[in-house]
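What you see is a predicted model, and the numbers here were worked out from it, not measured in a lab. So that the names make sense, note that chain A is the first sequence line, chain B the second, and so on, each numbered from 1.
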Amino acid sequence: MARSRAQLALSTRLLNIGLAALCRGGGVDRAELILIDAIRLGLPPDVVTYNTLLAAHCRAAGLDAGLAVVRRMRDAGVSPDAVTYNSLIAGAARRGLTVRALDLFDEMLRSGVAPDSWSYNALMHCLFRSGHPEDAYRVFADMTERGVAPSATTYNTLLDGLFRAGHATNAYRMFRYLQRAGLPVGIVTYNTMINGLCKSGKVGYARIVLRELGRTEHAPNAVTYTTVMKCCFRYGRFDQGLETFLSLLEGGYISDAFPYTTVISALVKKGRMQEANAYCELMIQSGSRLDNACYNTLIHMRCQEGKLDDAFELLNMMEVGGLESDEYTFSILVNGLCKMGQIEAAEKQIWSMEMMGMQSNVVAYNCLIDALCKSHEVDAAIKVLHSMKLRDDFTYTSLVHGLCKVGRYHMASKFLRICLHEGNNVLASAKRAVISGLRSVGFKNDLRKVRSALYMSRLLRS
DNA sequence: TTAGGGTTAG
């Protein structure tokens, strides 16, 4: 008996609910098989069906997998809607593909699909995270001009973006404005504020906001506590940080690997390897999905223990599990190899990183420079420095210290001046080493030049 | 569908 249109629509709705549940549980392949069966039974998939699959594919395999779903939906005569584009833009954002996110937004406008607040939020988020705050502000302006109402997410994204762009004070003012104007301020807003204030060094303000949160109806969650914990570790309140972690653990509030990775890396930094290992076990037992950050934390721990074979075994496990090593992985391995005196192997890691087309990884290079300097191979270190696309304070601190240690004060003063000229800086101890070295050998001309460069850089910074 | 975790210098 033929089914009525209403019956078909109902069946499609049920199908969509089932597919969404499967996709949530990570069963995209199973969802695809069910869709094939449904089509065979004469059940027509609609835009929601495809959007559900698209979001899951995008999350699991990336943007191109999402675009493949768009082609399939077009072939089936189903037109993409705003949700389709929003998922694609979010998929591009997740993998840092800013230009593609912008292209998708343009395509959306060209095809006559009106962007909603989610489209704007996703695009703003992407632009802030990739370091383009000015473009993100323009997107916000465009959104208001087109009469799309900002949502709570919009404000939270703006606050986070202001912090990322280094405008902590403006973020704080905006937060107060949102409160005064009765605009949505929720737990995500509080967490964004506490995190941003901590990271920008405004711990006092972070404390004020945290206390305020305690007086609201919003319950602090695991994100709040992980943020506070990290802040404690950052500012030397180790025991308080550990206590925060233990209260999360004992209360059964941990639902993912974030608190574990935070506490493990703090313990490793302190050299408390036994406890770090114990929490690693707990993290693995908890059944939380282990992502790059987890593996990197574990690899770093093994490196610090001097167990390089175990570290590479973990790298292998990570890759077999479908994860790709990232810039952190490489820096950790290069550092581990250097610290074990295997400089040649470290150089090989850097080459393979370059071969992979990974963007210039300053930290990995810095580790190599530091190791070369510590083994008195300063000329090799200088060569590495020249091959770097980007240099920072760490680069120059290591080199300047290294040059001073071998008594090459003229060269050290030259690199110190280059560093200041580039807008970088070195640790005070490195400056002292150069000045006292130049004094000891009587290089008055260099001493004068360094002092004037230091004076100029202080002026420019203030 | 916005918030939290992972690497380097003294």
Side chain of A/Pro259 only, please: which of B/dG4, B/dA9, B/dG5 is the nearest? B/dG4
With the side chain defined as heavy atoms from C-beta on, A/Asn366 is closest, among B/dG10, B/dT8, B/dA3, to B/dT8
Atom-pair distance (CG on A/Asn195; P on B/dA3), nearest Å: 10 Å
Reference residue A/Val228; test side chain to side chain contact (heavy atoms under 4.5 Å, CB included); the match among A/Leu210, A/Asn195, A/Val223: A/Leu210
Check against side chain to side chain contact (heavy atoms under 4.5 Å, CB included), A/Asn51 and A/Ser87: CA-CA 8 Å; A/Asn51 284 343; A/Ser87 295; 5.6 Å; no
Here the distance between atom C1' of B/dT8 and atom CD1 of A/Ile369, to the nearest Å, is 11 Å
Rounding to an integer number of Å, can you tell me how far A/Ile194 CD1 sits from B/dG4 C1'? 11 Å
Partners meeting ring-ring contact (aromatic ring centres under 6.0 Å, His included) with A/Phe233 (sequence neighbours left out): A/Phe238
note: A/Met283, atom CE; B/dG5, atom C1'; distance rounded to Å ~ 10 Å
Between C1' on B/dT2 and CZ on A/Phe163, what's the gap in Å once rounded to a whole number? 14 Å
Sugar-phosphate only, base, or nothing, as touched by A/Lys405 at under 4.0 Å among non-hydrogen atoms: nothing
Starting at atom CG of A/Leu333, determine the distance to atom P of B/dT8, rounded to an integer number of angstrom. 12 Å
Distance, rounded to the nearest Å, where A/Met388 contributes CE and B/dA9 contributes P: 14 Å
For a quick check of understanding: with a heavy-atom distance under 4.0 Å over all strands, which category does A/Asn361 fall into, base, sugar-phosphate or nothing? nothing
Nucleotide of B/dG4, B/dA9, B/dT7 approaching A/Phe394 most closely (side-chain heavy atoms): B/dA9
Closest nucleotide among B/dA3, B/dT8, B/dG5 to the A/Asn221 side chain: B/dA3
Take atom CG of A/Asp392 and atom P of B/dG10, then tell me their distance rounded to the nearest Å. 14 Å
